[in-house]
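Predicted model, so just to flag it, every value in this text is computed and none were measured. By convention in this document, chain letters (A, B, ...) are assigned in the order of the sequence lines, proteins followed by strands, and residues within each chain are numbered from 1.
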Number of protein chains: 2
Amino acid sequence: MARLQNRPGQGRRRASHSMESVLTEAVALLDEAGPPALTFRALAERLGGGVASIYWYVANKDELLDLATDHVIGSVLADIEALPGSADPIDDLRAMSVTLFDAIVARPWLGAYFMRNINAQSNSIRLYERLGEQTLRLDLSARQRFHAVSAIIGVVVGSAVDLGQEPPQEVLDGAVDRDTYLGRAAAAWRDLDPAAYPFVHEIVDEFDGHDDADQFRSALELTLAGLRLQAGARVG
Amino acid sequence: MARLQNRPGQGRRRASHSMESVLTEAVALLDEAGPPALTFRALAERLGGGVASIYWYVANKDELLDLATDHVIGSVLADIEALPGSADPIDDLRAMSVTLFDAIVARPWLGAYFMRNINAQSNSIRLYERLGEQTLRLDLSARQRFHAVSAIIGVVVGSAVDLGQEPPQEVLDGAVDRDTYLGRAAAAWRDLDPAAYPFVHEIVDEFDGHDDADQFRSALELTLAGLRLQAGARVG
DNA sequence: CACCAGCATCGAACGTTGTTCTATCGTACG
DNA sequence: CGTACGATAGAACAACGTTCGATGCTGGTG
């Protein structure tokens, strides 16, 4: 079987990548169509190269996801470090959390992969550090500080996972938009027996057309209120 | 090509399943070796039947996961409904949350699939209802109740996702146990520059050998404290 | 200038997965 | 006895992650 390419001036160019370009295109694929769209073949085509070449930069798909996640966490970290800062550490914690949450809203796939990076990848650790430094300004024990940061990240990720897993494929395809999808679920809830499901009927109007950001902010405020109480209780 | 089976008294028996057995075996596979172990072929072999037969019971793998999740949520729901109940709705919320968390600790795969079922599957909706009914005993607006339940579930799932995603394969293989894995991460943290990472150094001893249950309980207490404050503030 | 080492790239192949197609079995009912 | 239908199953397909072996390119050395 004769090789057809490899003619000097005419043949197909070899692609030349870089770690940067690999991660950038990987993120682009994730942004455009979610995790299922990130395949080695799709990524290779986007880079104009072969499938196996990607393995020179990453050991496997898990590492690719880890690095891609940390790549965008880097820009989130830059946003967080650019925040003005205030006299109240809890206000700063809120601002940082909202920044992180907004980033996950913009990139729903981020929520699922963010947490497993915190212990390992550099930008994620720095983000963890920045959150934690605010707790150093509060009168807490080391254990309380550790738990406080875990709680805040838990709230962010918990809310993010909630909204990140919602689209059941038809929303992503654009066939059904998010509001009508939520409305459909709300309609099913309204069909439930009001006697057996008093709470669901109580809040179905709130659920219908609710804003995820409001939901997150409320959860965050509960945790921050508890934290402020905990810090205050220690002083007096 | 002659068919070899189908001899009357001797041939290989046809398998006869049921929705129950399919879900039970699917859960068993998930319990034994996690999500990667749940394949249609492995499930079919366990059921003693063919691969395609499973598709008579479920439309696709997503539905299989949804139903398997709701299947075990059913037993969690039974545990929750068997709880004694108290005069304080927040105490009841805590007891329910801990029950749910314990179930996810016992089945780490549950955390990843639990949330996307809440809007659709029957047992998950009932669980949502039971949590929500406790908020009906608090002096809150409908919106506050909706957000409170979302916040609590967010805390549970956020903590659960944290501990559910930790094992990076070597822990599951049994090659490395969880404590030495955490210790390894802690050692890496200790190598960081103390001047650049003051918070990480402050809490690394807490992180090393920490108990996930403590971490969850602390996060839950913060949210419940905030909730109690919110309910109390409305009365006076 | 020729040559070589090693970095970087690539096509092709392998094994496994979810899913579908089509054929078949077995039983309850007329 | 036969027929319709609930239920089962083997084989095949496309897509995926991953590996293998071979090849191109480039900078330094003789």
Can you tell me how far [atom2] of [N] sits from [atom1] of [X], to the nearest Å?
{"X": "Phe40(A)", "N": "dT18(D)", "atom1": "CZ", "atom2": "P", "value": "5 Å"}
{"X": "Arg41(A)", "N": "dC16(D)", "atom1": "CZ", "atom2": "P", "value": "7 Å"}
{"X": "Asn60(A)", "N": "dC16(D)", "atom1": "CG", "atom2": "C1'", "value": "14 Å"}
{"X": "Lys61(B)", "N": "dT20(C)", "atom1": "NZ", "atom2": "P", "value": "15 Å"}
{"X": "Leu43(B)", "N": "dT17(C)", "atom1": "CG", "atom2": "C1'", "value": "14 Å"}

What pairs of donor and acceptor atoms, side-chain ones from residues 42-53 of chain A against any protein atom, are under 3.5 angstrom apart with sequence neighbours left out?
residue, atom, partner, partner atom, Å
Arg46(A), NE, Glu25(A), OE1, 2.6
Arg46(A), NH1, Glu32(A), OE1, 3.3
Arg46(A), NH2, Glu32(A), OE2, 2.7

Taking [X] for its side chain and [Y] for its backbone only, find out whether a donor-acceptor pair lies under 3.5 Å.
{"X": "Asp66(A)", "Y": "Asn117(A)", "value": "no"}
{"X": "Asp31(B)", "Y": "Arg107(B)", "value": "no"}
{"X": "His201(A)", "Y": "Leu192(A)", "value": "yes"}
{"X": "His210(B)", "Y": "Phe207(B)", "value": "yes"}

query: Which residue pairs satisfy the ring-ring contact (aromatic ring centres under 6.0 Å, His included) criterion with at least one member in residues 26-55 of chain A, sequence neighbours excluded?
result: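 Output for this query lists Phe40(A)-Tyr55(A).
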task: List the steps and the verdict of side-chain contact (heavy atoms from CB on, under 4.5 Å) for Trp189(A) and Ile125(B).
output: CA-CA 9 Å; Trp189(A) 283 18; Ile125(B) 292 185; 3.8 Å; yes
message: With rounding to the nearest 0.5 angstrom, report the CD to CZ distance, Glu202(A) to Arg145(B).
response: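 It is 4.5 Å, given to the nearest 0.5 Å.
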task: Look at atom CZ of Arg217(B) and say whether more than 12 heavy atoms of other residues, nucleotides or ligands are closer to it than 6.0 Å.
output: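 Result for CZ/Arg217(B): open.
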task: Could you list by number each residue of residues 20-28 of chain A showing a heavy-atom separation from DNA chain C of less than 4.0 Å, or answer none if no residue does?
output: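 Listed by number, there are none.
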Give me the distances for all protein-to-nucleotides 2-4 of chain D N/O pairs that come in under 3.5 Å?
none

query: Considering all heavy atoms of both residues, which atom of Ile152(B) and which atom of Ser97(B) are nearest to each other, and what is their separation?
result: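 What the structure gives for the nearest pair is CG2-OG, 3.3 Å.
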task: Could you tell me whether Leu38(A) contacts a base, only the sugar-phosphate backbone, or nothing, with contacts defined as non-hydrogen atoms closer than 4.0 Å?
output: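 The answer is sugar-phosphate, as Leu38(A) gets under 4.0 Å only of primed atoms, P, OP1 or OP2.
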Reading 5' to 3' through nucleotides 4-9 of chain C, protein heavy-atom contacts under 4.0 Å coded B for base, S for sugar-phosphate only, - for none: ----SB
message: Holding to salt bridge (Lys or Arg N to Asp or Glu O under 4.0 Å), I want the full list of residues that pass it with Glu129(B), two or more places apart in sequence or in another chain.
response: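 Listed in chain order: nothing, the list is empty.
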